[in-house]
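See below for the structure under consideration.
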Amino acid sequence: MRLQRLPESFYHQQTLDLARAMLGKILIKETAVGTAAGRIVETEAYIGPGDQAAHSYGNRRTKRTEVMFGPPGHVYTYVMHTHCLFNVVSGREGRPEAVLVRAVEPYLGKELMYERRGLHHKETNLTSGPGKLTKALGITMEDYGLPVYQSVPFIAEGSSPENISEGTRIGIPNSGEAKDFPWRFWETDNPFVSRGR
DNA sequence: ATCGGGATACGCT
DNA sequence: GCGTATCCCGATT
């Protein structure tokens, strides 16, 4: 199947809608050593400034969060400890919102993913987590700020999920009321989802 | 179940 | 500067 890049207009929708709409799409990163791609199977919405779990909570604007305040469709990568996490900015300019990609299902370049992640992994362990998939796909801080509708990495049309489940987000125990918001979405029963299938 | 860690940001000293 | 927390992972108990 030819990978058809999604247009800028795709990113102009409500963040919760975008988080659902991104399920089933293909995330592609082409590099000098080859191309790797995964089908998105799990996402989370972060809707600052009212979302205590978001980096942009309270309109906190720093060098790190700056891109979230710009127009939608740009890459927001950030590093937590040793891991790089990949988000797509959503929300109109001035609204610091984003969708975190938490898991993908290997689609292209599986060999490359094994090289990057280590050969001893089970396939379901290659990309079933936000830090794992960036390593497998080769996404780094160099991608920060790039427009996914006309750059690399990019997102392409894929295949719609059979069913979508939703639940609370992962790893945000100290976020007050926000920790209970059902802003995580995943393809029901997909084995590559990070948890909570 | 626990722990440490390559980055970033904050509040305090 | 340092201590602490963070949208996590992997190795170890």
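Chain naming here is simple, since letters A, B, ... match the order of the sequence lines and numbering starts at 1 in each.
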Discussion item. Considering every strand and a 4.0 Å limit on heavy-atom distances, what is the contact class for A/K135: base, sugar-phosphate, or nothing?
Written reply: nothing

Worksheet item: Under 6.0 Å from the CD atom of A/E142, do we count more than 12 heavy atoms belonging to anything else shown?
Response: no

Fill in: Distance below 4.0 Å between A/R117 side-chain N/O and C/dG10 OP1 or OP2
yes

Worksheet item: Quick one: A/H81 NE2 to C/dA5 P, roughly how many Å, whole number?
Response: 11 Å

Worksheet entry | Flag if over 12 foreign heavy atoms under 6.0 Å of CD, A/E123 | yes

Discussion item. Expressed as a whole number of angstroms, how long is the span from A/I139:CD1 to C/dC9:P?
Written reply: 14 Å

Fill in: Euclidean distance, atom CE of residue A/M80 to atom C1' of C/dG10 [Å, nearest integer]
14 Å

Practice prompt. Please report, rounded to the nearest Å, how far the P atom of B/dC10 is from the CZ atom of A/R61.
Written response: 14 Å

Fill in: Heavy-atom check, side chain of A/V152 versus side chain of A/L146, under 4.5 Å
no

Worksheet item: Between C/dC7 atom P and A/R60 atom CZ, what is the distance in whole Å?
Response: 9 Å

Worksheet item: When all nucleic acid strands are considered with a 4.0 Å heavy-atom cut-off, which category describes A/N174: base, sugar-phosphate, or nothing?
Response: sugar-phosphate

Worksheet item: When the nearest nucleotide of DNA chain C is assigned to A/L85 and to A/H120 on a heavy-atom basis, which residue is associated with the more 5' position?
Response: A/L85

Practice prompt. Could you say whether the aromatic ring of A/H83 and the base of C/dC9 stack, counting only centre distances under 5.5 Å and plane angles under 30°?
Written response: no

Worksheet item: To the nearest angstrom, how far is A/R116 atom CZ from C/dC9 atom P?
Response: 17 Å

Worksheet item: Rounded to the Å, how far apart are A/R184 CZ and C/dC8 P?
Response: 11 Å

Worksheet, complete the sentence: From the list A/Y11, A/Y149, A/F154, ring pair (Phe, Tyr, Trp, His ring centres under 6.0 Å) partner of A/H74 resolves to A/Y149

Worksheet item: With rounding to whole Å, what would you report as the distance between B/dA1 and C/dC7 at their C1' atoms?
Response: 22 Å

Worksheet item: Could you state the CZ-P distance from A/F185 to C/dC7, rounded to the nearest angstrom?
Response: 18 Å

Worksheet item: A/Y78 on top of C/dC7's base, within under 5.5 Å and under 30°?
Response: no

Worksheet item: Looking for any heavy atom pair under 4.0 Å, which part of the strands does A/L100 touch: base, sugar-phosphate only, or nothing?
Response: base

Item to complete: Tell me which of A/T82 and A/T62 sits closer to the 5' end of DNA chain B, going by the nucleotide each one is nearest to.
Response: A/T82

Discussion item. Counting only Watson-Crick pairs (N1-N3 plus N6-O4 or O6-N4) and G-U wobbles (N1-O2, O6-N3), all under 3.5 Å, who is the partner of B/dG6?
Written reply: none

Discussion item. Roughly how many Å apart are C/dT4 and B/dG4, using the P atom of each and rounding to a whole number?
Written reply: 13 Å

Worksheet item: With A/N190, which of A/E105, A/E42, A/E162 fulfils side chain to side chain donor-acceptor pair (under 3.5 Å)?
Response: A/E105

Worksheet item: What does A/R169 touch in the nucleic acid at a heavy-atom separation under 4.0 angstrom: a base, only the sugar-phosphate, or nothing?
Response: nothing

